[in-house]
There are 2 protein chains.
Amino acid sequence: MPTARTPSSSESAALDTRVLESLVGYNTRRAWSVISSVFAERMAVYGLKQVDFSVLSLLAHNPGATSRQLCATLDILPPNLVSLVAAMDSRGLIERRPHPTDGRAVGLHLTAAGRKLVREAEQTVTQLELDASAKLTVRERETLIKLLQKVYL
Amino acid sequence: MPTARTPSSSESAALDTRVLESLVGYNTRRAWSVISSVFAERMAVYGLKQVDFSVLSLLAHNPGATSRQLCATLDILPPNLVSLVAAMDSRGLIERRPHPTDGRAVGLHLTAAGRKLVREAEQTVTQLELDASAKLTVRERETLIKLLQKVYL
DNA sequence: TATTGTTATACTCTATAACTATA
DNA sequence: TATAGTTATAGAGTATAACAATA
């Protein structure tokens, strides 16, 4: 007869989470947490954080965008974007050019290296999306995105 | 004729966000960000953060749960739960009792004041959920939760 | 007078190492 | 030897105030 063993707390009966699991907020946070981990892991290969990817991807499709526009779009505060942009400039991924019509602003542009990195990173993210939504049909994935946008738009 | 004015960056043409908006990850984060703000705002009335609410709600439905179980359920690291539990103890919302079978562990229980606060807070959260998903039908809200759980469970 | 970009700084959140008491 | 709870601490992430240059 095997020796009786007290199960550790982590393996013991799980808690009743039915109330929390009935909340859109709780489920959204949990889903984001999981996707976020995988995202961080796969972007680390490129030396990019999640916000870095967002910035580079936005610049790829909006050349010459200003820091202020990036902040408004991504809900980042201006002081917190400064070092991020500076770092990507140092890495040679982006270039800061004088804004054509506003002497206060700086237009941000991807360099050739930046464009190459975004192309690769966007492919990785596309694969990541497929993996993260592997349990969803194509139609369900579209529905999920549509419903999430109804919440925040 | 009105004077011409250069539109500020924040009011000028919005950036093209179509790539980001096609990603489950991006939309989940944005939705969580919006819900999170409203949640924080309304829970401030009770002096509760989001994680505080989760802990109290779990204890309401799982009396005697241990710190370890809360950590495993909510994805919190043990050292980060210590001060949180201590603060709720000081406020008289929870009580720490010796665990009936494990001398290392501490069973956490709501006090009468804690139970009263959870009741009120859960009602506020229920209303918050209705507001946050105001643009969703009852059926869509259920679908959203089901799809989110397919992503993280 | 308002806005862009910036510096400095503070506050919160999250993460790691190491200790103690008990299993 | 492993686990529960704890301490101390480090690192991200996020927030506000204030400044120079330009609108």
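Chain identifiers are assigned alphabetically (A, B, ...) following the order of the sequence lines, protein sequences preceding nucleic acid strands; residue numbering begins at 1 within each chain.
Regarding A/His99, its NE2 atom lies at a distance of 15 Å from the P atom of D/dT22, rounded to whole Å. In this structure, A/Asp102 places its CG atom 6 Å from P of D/dA23, rounding to the nearest Å. Separating the CD1 atom of B/Ile76 from the C1' atom of C/dT16 is a distance of 17 Å, rounded to the nearest angstrom. The CZ atom of B/Arg104 sits 11 Å away from the P atom of C/dT22 (whole-angstrom rounding). As a whole-Å value, the separation of B/Leu77 CG from D/dT6 C1' is 14 Å. Protein atom CE of B/Met43 is 19 Å distant from nucleotide atom P of C/dT12, rounded to whole Å. One interatomic measurement links the two molecules: CG of B/Leu74 to C1' of C/dT14, which rounds to 15 Å at whole-angstrom precision. Between the CG atom of A/Leu108 and the C1' atom of C/dT6 there is a distance of 14 Å, rounded to whole Å.
A heavy-atom distance below 4.0 Å to DNA chain D is reached by none of the residues of residues 48-59 of chain B. A heavy-atom distance below 4.0 Å to DNA chain D is reached by these residues of residues 79-95 of chain A, ordered by number: A/Pro79, A/Asn80.
Between A/Lys135 and A/Glu140, none of the side-chain N atoms (NZ, or NE/NH1/NH2) sits under 4.0 Å from a carboxylate O, so this pair counts as no salt bridge. In this structure, A/Lys116 pairs ionically with A/Glu120, as a charged nitrogen and a carboxylate oxygen lie closer than 4.0 Å. The residues A/Arg141 and A/Glu129 are annotated as salt-bridged, a charged nitrogen and a carboxylate oxygen being separated by less than 4.0 angstrom.
Looking at B/Glu122 and B/Leu117, their side chains never come closer than 4.5 Å, going by heavy atoms from C-beta outward.
When the side-chain nitrogen and oxygen atoms of A/Arg68 are compared with OP1 and OP2 of D/dA23, none of them lie within a distance under 4.0 Å.
For the atom pair A/Tyr46 OH and A/Phe53 CZ, the distance stands at 10.0 Å (nearest 0.5 Å). Considering CG of A/Leu148 and OG1 of A/Thr28, their distance stands at 6.5 Å, rounded to 0.5 Å.
With hydrogens and angles ignored, the 3.5 Å screen pairs a side-chain donor or acceptor of A/Gln50 with a backbone N or O of A/Ser36.
Defined by atom type and a distance below 3.5 Å, a donor-acceptor pair is missing between the side-chain atoms of B/Asn27 and B/Glu21. Side-chain contact check for B/Thr17 and B/Tyr26: no donor-acceptor pair (N or O, by modelled atom type) lies under 3.5 Å.
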